[in-house]
Protein chains: 2
Amino acid sequence: MNLQDFFPYRLAVLAEAVSRSIALVYTARFNLTRDEWRVLAALAETGAMKTTHVIEHTTLDKMQVSRAVKQLACDGYLDRTGDPDDGRGYVLQLTPQGRTLYRKVVPMVQAREAFLLEDLTPEERAALDSALRKVWLRTHRLVRQD
Amino acid sequence: MNLQDFFPYRLAVLAEAVSRSIALVYTARFNLTRDEWRVLAALAETGAMKTTHVIEHTTLDKMQVSRAVKQLACDGYLDRTGDPDDGRGYVLQLTPQGRTLYRKVVPMVQAREAFLLEDLTPEERAALDSALRKVWLRTHRLVRQD
DNA sequence: TATTGTTATACTCTATAACTATA
DNA sequence: TATAGTTATAGAGTATAACAATA
C-alpha cells in the first residue's frame with residue numbers, strides 16, 4: 001500500500017487544506033466559526049427554518065447548532081421564535097444584519113471556490129461531482145453498519 | 001449560493017465521514033491514533049526514514065510526528081537511532097512487531113477503501129484522481145498566498 | 001415514553017512558542 | 001544564527017450524557 005495514493009488519506013489532506021483556506025475568510029474577517037457559518041448559510045438559503053431542519057441541512061449535531069444559534073442570536077444575526085406547531089422547538093430566521101453579513105461572505109468564499117476549481121473543464125467538474133456523490137452514498141452504507 | 005452544492009462544504013462532509021469510517025479500524029481495533037497510523041504507514045512503505053522525511057511524507061507537523069513516534073516506540077512498534085549524518089536527527093524504522101501490526105491493518109483499511117470506490121468504473125476513478133490532483137495544486141496556491 | 005433543545009463535563013486536537021542540542 | 005526535535009501550555013473542537021420542557 002502507498003499512503004500517498006490511499007484515497008481516504010488524499011481526501012483527508014485535501015479537504016483539510018480546502019477547509020482551512022475557506023475558513024480563513026469567515027473566521028479572520030468575520031469572526032464566525034465554521035458551525036456559525038453553516039447555520040448562517042442554511043438560513044440565508046431557505047429563509048425561516050426550524051432548528052431540526054437546520055441540523056439536517058448543515059450536517060451538524062444538535063449541540064453544535066444550539067451553540068452556533070446562541071452566538072449568532074447574541075451577535076444580532078438571527079431571531080429565534082417559538083415554533084407554533086411544537087412547543088419544544090423554535091423557528092430561526094436571519095435578521096437584516098444576518099443577511100447583510102451573509103451577502104458579504106458569499107462572494108468571498110465563492111471566489112475561492114472558483115479559484116480551486118479553475119483548472120477543471122465543465123466535463124471534469126461534472127465527473128468530479130458525480131464521483132463524489134457516488135462515494136458519498138457508499139460511505140453512508142459503511143457508516144450505517146458500524 | 002447553495003450550501004449543499006458548495007464544493008468545500010461537500011468535500012469537508014465527505015472527508016469527515018470517510019475518515020471516520022477508516023479511523024474506526026485503526027483506533028477501535030488497534031488502538032492507534034490517526035497520526036500514529038500515518039507514521040506507521042510511511043515507515044512500512046519506505047523502510048528506514050529520517051524524521052524529517054516522515055514529516056513530509058505524512059503531511060503532519062513536527063510535534064505530531066514527535067508524539068506519534070514516542071508512542072509507537074513505547075509500544076515497541078519502531079526503533080529510533082541517531083542519524084549518523086546529523087547529530088540532531090534520528091533514523092526511524094519499524095520493528096518486526098510494527099511490520100506485523102501494519103500487515104494486519106492494511107487489508108482492513110484497503111477493504112474499506114475498495115468498498116467506498118466500488119461504484120466507480122476505472123475511468124471514473126481515473127477522472128476522480130485527476131480532478132483531486134488538480135484541485136490539490138490550486139489549493140496549494142491559495143494556501144501559500146494566505 | 002420519546003423528542004427538542006440546553007447545559008455540563010471530560011476529552012482530544014491544534015497552535016504557539018520556549019527550549020536543548022547540534023549545525 | 002539556523003535547524004531538528006522535544007516539551008509545555010492554552011485554546012478550540014468533539015463526545016457523552018444529564019436535564020427541563022413538551023409531545
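All of these numbers come straight from a predicted model, not from anything done at the bench.
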In B/S/- notation (B base, S sugar-phosphate only, - none; protein heavy atoms under 4.0 Å), nucleotides 3-10 of chain D written 5' to 3' is BSBBBBB-
With sequence neighbours left out, the residues meeting salt bridge (charged side-chain N to carboxylate O under 4.0 Å, His left out) with Asp5(B) are none
Rounded to whole Å, the CG-P distance (Asp61(B) to dT16(C)) equals 10 Å
message = Taking salt bridge (charged side-chain N to carboxylate O under 4.0 Å, His left out) as the definition, give me every residue that meets it alongside Glu16(A), ordered by chain and number, with sequence neighbours left out.
response =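 If we apply the salt bridge (charged side-chain N to carboxylate O under 4.0 Å, His left out) test to Glu16(A), skipping adjacent residues, the hits are Arg20(A).
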Rounded distance in Å - CG (Asp85(A)) to P (dT4(C)):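 Atom-to-atom, Asp85(A) to dT4(C), this comes out as 13 Å.
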Mind running a 4.0 Å heavy-atom check of residues 15-23 of chain B against DNA chain D and sending the residues that fall below it, in number order?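 Heavy-atom contacts with DNA chain D come from Arg20(B).
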* Identify, residue by residue, the members of residues 36-49 of chain B with a heavy atom below 4.0 Å from DNA chain C, and return them in order of residue number, or none. =>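 None - not one residue of the stretch has a heavy atom sitting under 4.0 Å from the strand.
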message: I'd like to check the side chain to side chain contact (heavy atoms under 4.5 Å, CB included) partners of Ala127(B); sequence neighbours left out, ordered by chain and number.
response: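 By the side chain to side chain contact (heavy atoms under 4.5 Å, CB included) rule, Ala127(B) matches Ala127(A).
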>> I'd like to check the salt bridge (charged side-chain N to carboxylate O under 4.0 Å, His left out) partners of Arg125(B); sequence neighbours left out, ordered by chain and number.
In response: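 Scan of Arg125(B) (salt bridge (charged side-chain N to carboxylate O under 4.0 Å, His left out), adjacent residues dropped) gives none.
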| task | Measure from CG on Leu32(A) to C1' on dG13(D) and round the result to the nearest Å. | result |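 Answer to the nearest Å: 16 Å.
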So salt bridge (charged side-chain N to carboxylate O under 4.0 Å, His left out) across residues 47-68 of chain A, not counting sequence neighbours, yields Lys50(A)-Asp83(A), Lys50(A)-Asp85(A)
Residues in side chain to side chain contact (heavy atoms under 4.5 Å, CB included) with Ser66(B), at least two apart?
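By the side chain to side chain contact (heavy atoms under 4.5 Å, CB included) rule, Ser66(B) matches no residue at all.
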Notebook entry, point to check: Hey, what's the ring geometry for Tyr26(A) with Trp37(A), parallel, tilted or perpendicular (30° and 60° as the breaks)?
Noted result: parallel
Side chain to side chain donor-acceptor pair (under 3.5 Å) pairs touching residues 93-117 of chain B, sequence neighbours excluded, are Asp146(A)-Arg112(B)
**Asked** For Arg10(B), which residues count as a salt bridge (charged side-chain N to carboxylate O under 4.0 Å, His left out) partner, sequence neighbours excluded?
**Response**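 If we apply the salt bridge (charged side-chain N to carboxylate O under 4.0 Å, His left out) test to Arg10(B), skipping adjacent residues, the hits are Asp129(A).
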For Thr81(A), which residues count as a side chain to side chain contact (heavy atoms under 4.5 Å, CB included) partner, sequence neighbours excluded?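 For Thr81(A), the residues satisfying side chain to side chain contact (heavy atoms under 4.5 Å, CB included) (neighbours in sequence not counted) are Val91(A).
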Return the value, rounded to whole Å, for the distance between atom CZ of Arg34(A) and atom P of dT14(C).
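So the two atoms are 13 Å apart, to the nearest Å.
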Query raised in the report: OP1 or OP2 of dT14(C) sitting under 4.0 Å from any side-chain N/O of Gln64(B)?
Result: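 Checking Gln64(B) against dT14(C): at least one side-chain N or O falls below 4.0 Å of OP1 or OP2.
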